[in-house]
Amino acid sequence: MIAPASPGEAQIRTFGERAMRTFTKSNKLDNVLYDVRGPVVDEAARMEECGMNILKLNIGNPAPFGFSAPEEVIFDMRDAIVHSQGYSDSRGIFAARKAIMQYAQIKNIPDVTMKDVYTGNGASELIQLAMNALLNNGDEILIPSPDYPLWTACANLAGGKAVHYLCDEESDWYPDLDDIERKITDRTKAIVIINPNNPTGALYPVEILERIAETARRHELMIFSDEIYDRLVMDGEKHVSIASLAPDLFCVTFSGLSKSHMVCGFRVGWMIFSGNKEIARDYIAGVNMLSNMRLCSNVPGQSIIQTALGGYQSVNEYIVPGGRIFEQRNFIYNALNDIPGISAKRPKAAFYIFPKVDVKKFNITSDTQFALDFLREKRVLFVPGTGFNWHQPDHFRIVYLPQTAILEDAMNKLRAFLEHYHQ
Ligand code: PLP
C-alpha cells in the first residue's frame, strides 16, 4: 500500500500544474516529450519521499553504480579549478579542441580543423544548439524510433518537425532504410543517427552506414551522428563514424566524456563539423552565433578532455570479458530472455537493453501503466518504451549498470511480477 501524497506535495503539484498550463497555452511545449524523467520517475520520487528504497534502472549515469572517474581526470579538474582563467573562446580552450580534432583524425573524420570543433556543457547542450540553428518552422528532420528523446524534443522545440524512421528489431535494431526513404519529403533537411544506440545498444555496420550516407547524398541531407557511446563497444567490434564515409557531405558528429569517463555531472561534450562545409556556410554562421550567445562551456570540464582522450583508456577494462559492463550485459541479456513473455536483442555497445514484452500475454495496452505497476509492486524503476518515441506499448529500457547480483534480484522480481500480471 503506498502512502497518499502529503498536503504539501499536493500543493506543489498544483503549482506545477498551473505552471504547465501557462506553458502549454503558448503551445511551446505541446509537442515536447521527455518521459525518461517523466511520470513513472515522479512516482518513484514520491515513493522515495515516503521512505521506500527504489532500484533505479532508468538513468544511464554510471557514478551511482560504483563506476568512478579515472584519477588523472579528477586531478586535471582540480588543477583547472585552481589555475584556469575560468573563461574560454566560445568554441572551447585550445588544448581541448586540439585533442578532439586529433580524435577526429584517428576516427578518419575528414577535413576537421580546430575551427570545426565546439565544446559544450555535455553533448546535450550542443544537440539543442544544433537543432536551433537548423530548423525553421515546419522543417523536417529524420530521427530514429526508438530514439534518445532529447533529439526529438530539441527538434520540436526549435520549431521543426521530428519525423521518426523505424529501427528494426528483427534486424538487430538497424535503421530501416526503406522507411527512411519513404519518410523523406521536400521539407526534410537532415537525418539523425544514434550509433551506438541508446536505447537499443545497437552498433551499426559499415554497410548500413554507407547506405544511410548514400540516401543523404541523393536527397541532399545533412547528417547528425550522436556517437557518445563510441568508446563503449563490446565483442571486439569496431565503431565507425559515418562522417568518415561521407567526405562529400556535411556531417556533424557528437560525443563527450559523460559515458566513457563516467563523469555525466561534469558536463563535457563536443560536436565536430566535417566534410563539405561549403554547402553549410549559413548553418555554420548560425551555430557560431548561438555558440557565442551561450559564451562558453564550462572551462574546468574542458580541461580534462586532452587527458581523457589521450593514452590509457580505463573504460576498456569494463567492456571485455571479465569486465563489469561486459559481464552485466551478458547476464541481463540471458536473464531477460529466460523470462516467459520477454525477449531481447543482444546489445553490442553502451549499457542499455530494450526488451520486448508480449503485450497479448499480459493484455498490456499502456507501457507507462506497466512500468508504474511494476514500480509500485516491486520498487524497481525502468523507462517505458514510448518514452523513446517508440510507437507501441511493447518495450521498455533497462540500464544494466548495477552489479550482477542487483540485476539478478531485479530480474527475479520481474519474473515473479509477470507470473500474475494482467493489465
Ligand atoms: N546522446 C545520447 C545518445 C545519450 O544517451 C546521452 C545521455 O544519456 C546524451 C547524448 C547526452 O550526453 P551528455 O551527458 O554529454 O549531455
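Scope of the values below: all heavy atoms of this structure, side chains included, with no hydrogens, waters or symmetry mates. For ligands, and for the atoms within them, numbers begin at 1 and follow the listed sequence.
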Close-contact set for ligand 1 against [X] heavy atoms, below 4.0 Å:
{"X": "Arg267", "answer": "13 (P), 14 (O), 16 (O)"}
{"X": "Ile194", "answer": "3 (C)"}
{"X": "Gly122", "answer": "13 (P), 15 (O), 16 (O)"}

For this session: For atom 16 (O) of ligand 1, state which one of Gly120, Gly60, Ala350, Ser124 supplies the nearest heavy atom.
Result: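 Nearest heavy atom to atom 16 (O) of ligand 1 lies in Ser124.
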For this session: Output yes when a side-chain donor or acceptor of Thr113 lies under 3.5 Å from a complementary backbone atom of Lys115, and no otherwise.
Result: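 Between the backbone of Lys115 and the side chain of Thr113 there is a qualifying donor-acceptor contact (under 3.5 Å).
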Problem set entry | Glu227 side chain vs Thr253 backbone, donor-acceptor pair below 3.5 Å |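 Looks like no, no N/O pair under 3.5 Å.
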Problem set entry | Electrostatic pair Glu169-Lys345, nearest N-O below 4.0 angstrom |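 Lys345 and Glu169: not salt-bridged.
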Problem set entry | Arg211 bridged to Glu181 by N-O distance under 4.0 Å |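 Judged by the 4.0 Å cut-off on N to carboxylate O distance, Arg211 and Glu181 do not form a salt bridge.
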Exercise. Excluding sequence neighbours, so at least two apart, what forms side chain to side chain contact (heavy atoms under 4.5 Å, CB included) with Ala349?
Worked result: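 Ala349 satisfies side chain to side chain contact (heavy atoms under 4.5 Å, CB included) with Pro196, Val233 only.
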For this session: Describe, in one word, how the ring planes of Phe370 and Phe417 are oriented to each other, choosing from parallel (under 30°), tilted (30 to 60°) and perpendicular (over 60°).
Result: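 Answer is tilted, since the angle falls between 30° and 60°.
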Exercise. When rounded to the nearest 0.5 angstrom, what is the spacing between CD1 in Ile284 and CG in Asp116?
Worked result: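 One finds 6.5 Å between CD1 of Ile284 and CG of Asp116.
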Looking only at protein heavy atoms, which one is nearest to [atom], and what is the separation?
{"atom": "atom 8 (O) of ligand 1", "answer": "Lys259 NZ, 2.8 Å"}
{"atom": "atom 14 (O) of ligand 1", "answer": "Ser258 OG, 2.6 Å"}
{"atom": "atom 9 (C) of ligand 1", "answer": "Tyr148 CE2, 3.5 Å"}
{"atom": "atom 12 (O) of ligand 1", "answer": "Ile228 CD1, 3.3 Å"}

Exercise. At the 4.0 Å heavy-atom cut-off, does Ala123 count as touching ligand 1?
Worked result: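 Contact present.
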Exercise. Does ligand 1 have an atom that lies less than 4.0 angstrom from a heavy atom of Tyr229?
Worked result: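 The answer is yes, since Tyr229 has a heavy atom less than 4.0 Å from ligand 1.
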Exercise. Would one find an N or O of Asp226, backbone or side chain, under 3.5 Å from an N or O of ligand 1?
Worked result: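 N/O-N/O distance under 3.5 Å: yes.
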Just list the side-chain donor-acceptor pairs under 3.5 Å for residues 67-77, sequence neighbours left out, or say none.
| residue | atom | partner | partner atom | Å |
| --- | --- | --- | --- | --- |
| Asp76 | OD2 | Thr307 | OG1 | 2.2 |

